[in-house]
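Notes follow the structure.
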Amino acid sequence: TPTYETPGHDHKYKNFNFALGRTTPEHIDSLESFEVKDSDAFLVTYPKSGTIWTQQIIISIYEQDGHPNECSTNIERMPWLEYETAEYTLLSSPRLFSSHLPEYLMPPAVKEKKSKVVYVMRNPKDNIVSYYHFTKGHKNTETPKSFEQFFEWYMTGRVTASSWFDHIRGWYSGRDQYNILILTYEDMIMDLKGVVKKLCSFLGKNLTEAAIDQVVEKSKFDTMKNNPKANYQHFPPEWFNGKFLRKGQIGDWKNTLTVAQSERVDRVFQEKLGDLSLKFIWE
Ligand code: A3P
């Protein structure tokens, strides 16, 4: 069983905010020469975009394809590349990784396009609200005094994983360098089965209709909530005292953001990403 160090405040390295206590500059540097296997798959997200959901889908697809998940939790089956947990050195192939790394810090070997990258993004208004609740549950990072304060941190990139806008820009504009499938959280909400099929075909897994239905069933909000392998309730409460599976909806931001905040997101979205013809579903 891995142990989790208590994270402190974020620390910046190579212009990116990492959770302090969970990695080191040496580890991040070592990723430059990280050896990639053709069978590796990387799930990359900005935090609170549907990471653990997509993990569960991918792990379930591999299970149906004859690679049982013998780890006690999904985080061990699909560990974070940038955290110095080292479990992944023990992973047998096919190796599955999760990551919040920005495009420019990804191991360069991934660009050889043999290994696969799945990038999941979520509309920033729901992302902010989800991240706010998550941060409140974090015991050793600074607790925001109000949503307003957290909103300010988020908009200025003063959170773990830095700016959402930069993360999206880096990955989206750099996508052609990778063998990559880009998905949105909203697609997953609206057509989970369709997304599972897309993932199967991207990952080269030819599953029967019944196997696909099983993956869908295992990845539903309520199923995951009750599955200790998938629900992330295993984090010790002194590290995290909240819920990874909180609401699982599109449009919850309307209950939290003011009109002015919503308009500010629209404005910054237009300024920073307006040229990329990205389309999000907001409600
Ligand atoms: P909310 O806080 O809006 O509920 P991450 O895994 O990147 O930390 O993202 C967490 C968000 O994904 C949470 O959003 C969580 O509820 C949502 N999520 C996780 N599993 C889900 C599922 N099976 N269906 C819908 N949403 C899910």
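All ligand and atom numbering here is 1-based and tracks the order in the structure. These figures come from a predicted structure and were not determined experimentally.
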Contact check: [X] vs ligand 1, nitrogen or oxygen atoms, below 3.5 angstrom:
X	result
Asp126	no
Lys247	yes
Pro47	no
Arg246	yes
Leu245	no

Which residue and non-hydrogen atom of the protein lie closest to [atom], and at what distance in Å?
atom	result
atom 13 (C) of ligand 1	Phe244 O, 3.4 Å
atom 25 (C) of ligand 1	Trp53 CZ3, 3.4 Å
atom 23 (N) of ligand 1	Ser219 O, 2.9 Å
atom 7 (O) of ligand 1	Thr51 OG1, 2.5 Å

At under 4.0 Å between heavy atoms, is it the side chain or the backbone of [X] that contacts ligand 1, or both, or neither?
X	answer
Met188	neither
Ser130	both
Arg122	side chain
Tyr185	side chain

- Query: With a 4.0 Å cut-off on heavy atoms, is Lys48 touching ligand 1?
  - Reply: yes

Verify the distance criterion only: is there a donor paired with an acceptor across the side chains of [X] and [Y] at less than 3.5 Å?
X	Y	value
Arg158	Thr156	yes
Glu76	Thr73	yes
His100	Thr45	yes
Gln55	Thr51	no
Thr143	Lys136	no

- Please work out whether the ring planes of Tyr13 and Phe18 are parallel, tilted or perpendicular, with thresholds of 30° and 60°.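 Tilted: the ring planes of Tyr13 and Phe18 meet at 30° to 60°.
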
- Task: List the steps, then state whether salt bridge (charged side-chain N to carboxylate O under 4.0 Å, His left out) holds for Asp29 with Lys14.
- Result: CA-CA 9 Å; Asp29 287 345; Lys14 295 187 168 166; 2.7 Å; yes

Enumerate the atoms of ligand 1 whose separation from the nearest heavy atom of [X] is less than 4.0 angstrom.
X	result
Ile52	6 (O)
Lys220	23 (N)
Phe221	16 (O), 21 (C), 22 (C), 23 (N), 24 (N), 25 (C), 26 (N), 27 (C)
Met224	20 (N), 23 (N)

- Do Asp213 and Lys193 meet the salt-bridge criterion of a basic N to acidic O distance under 4.0 Å?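 Asp213 and Lys193: salt-bridged.
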
Can you tell if the side chain of [X] reaches within under 4.5 Å of the side chain of [Y], non-hydrogen atoms only?
X	Y	result
Trp53	Met188	yes
Ile168	Tyr119	yes
Leu101	Leu105	yes

